[in-house]
Amino acid sequence: MKKKDLYKYNSNGDRTEADRYDATGALTEKELWTYNPNGDRNAEVTLDATNNVTGKVIILYDNKGVKTSRKTFDAQGALVSEKHYTYEY
């Protein structure tokens, strides 16, 4: 058996979960995504095979729905990186 990813989607067709399996069929990792009311992905959580959080990403948007920042946290909740986005119109 090859490595395999299984995906779940919400009623809007947005991917909400990815379960990753190794070549033996054992679950190795799970990723969960949530979305704001505008349909923009606003959080990503990565879990290990025993459902312990291994990382988290928070994505922020302005009132026009434009992505303004992305914050990445480690398993202990410490900020690992932060990106800010600016746009020229």
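Just so we're clear, the structure is a prediction, and the values are computed from it rather than from any experiment.
The distance from atom CG of Asp14 to atom CG of Asp40, rounded to the nearest 0.5 Å, is 9.5 Å. With rounding to the nearest 0.5 Å, the separation of CG in Asn51 from CG in Leu32 is 8.5 Å. Remark: Leu47 CG to Lys56 NZ distance equals 10.5 Å, nearest 0.5 Å. Between the CG atom in Asp62 and the NZ atom in Lys67 there is a gap of 12.5 Å [rounded to 0.5 Å]. Taking OG1 from Thr46 and CG from Asn52, the interatomic distance works out to 12.5 Å, rounded to the nearest 0.5 Å. Taking CG from Asp19 and CD from Glu29, the interatomic distance works out to 10.0 Å, rounded to the nearest 0.5 Å.
Contact annotation: the side chain of Leu79 approaches that of Phe73 to within less than 4.5 Å [non-hydrogen atoms, C-beta and beyond]. You'll find the side chain of Lys30 reaches within 4.5 Å of the side chain of Glu17, heavy atoms only. Side-chain atoms of Asn38 and Tyr61, non-hydrogen and from C-beta on, never get closer than 4.5 Å to each other.
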**Message:** Let's go through Arg15 and Tyr35 carefully: what are the C-alpha distance in whole Å and the side-chain angles of both, what is the deciding distance for side-chain contact (heavy atoms from CB on, under 4.5 Å) to 0.1 Å, and is it a yes or a no?
**Reply:** CA-CA 10 Å; Arg15 186 182 296 173; Tyr35 299 84; 4.3 Å; yes
**Request:** Kindly determine whether Ile59 and Glu44 satisfy side-chain contact (heavy atoms from CB on, under 4.5 Å), including the steps that lead there.
**Result:** CA-CA 8 Å; Ile59 304 164; Glu44 305 169 9; 3.7 Å; yes
**Criterion side-chain contact (heavy atoms from CB on, under 4.5 Å) on Leu27 and Tyr21, from CA distance to verdict** = CA-CA 4 Å; Leu27 179 67; Tyr21 297 87; 3.8 Å; yes
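Looking only at distances, no side-chain donor or acceptor of Thr72 sits under 3.5 Å from a matching main-chain atom of Val80.
Using cut-offs of 30° and 60° for the angle between ring planes, the Tyr7 and Tyr9 rings count as tilted.
Just one residue in the list Val57, Thr34, Ile58 forms a side chain to side chain contact (heavy atoms under 4.5 Å, CB included) with Asn42, and that residue is Thr34.
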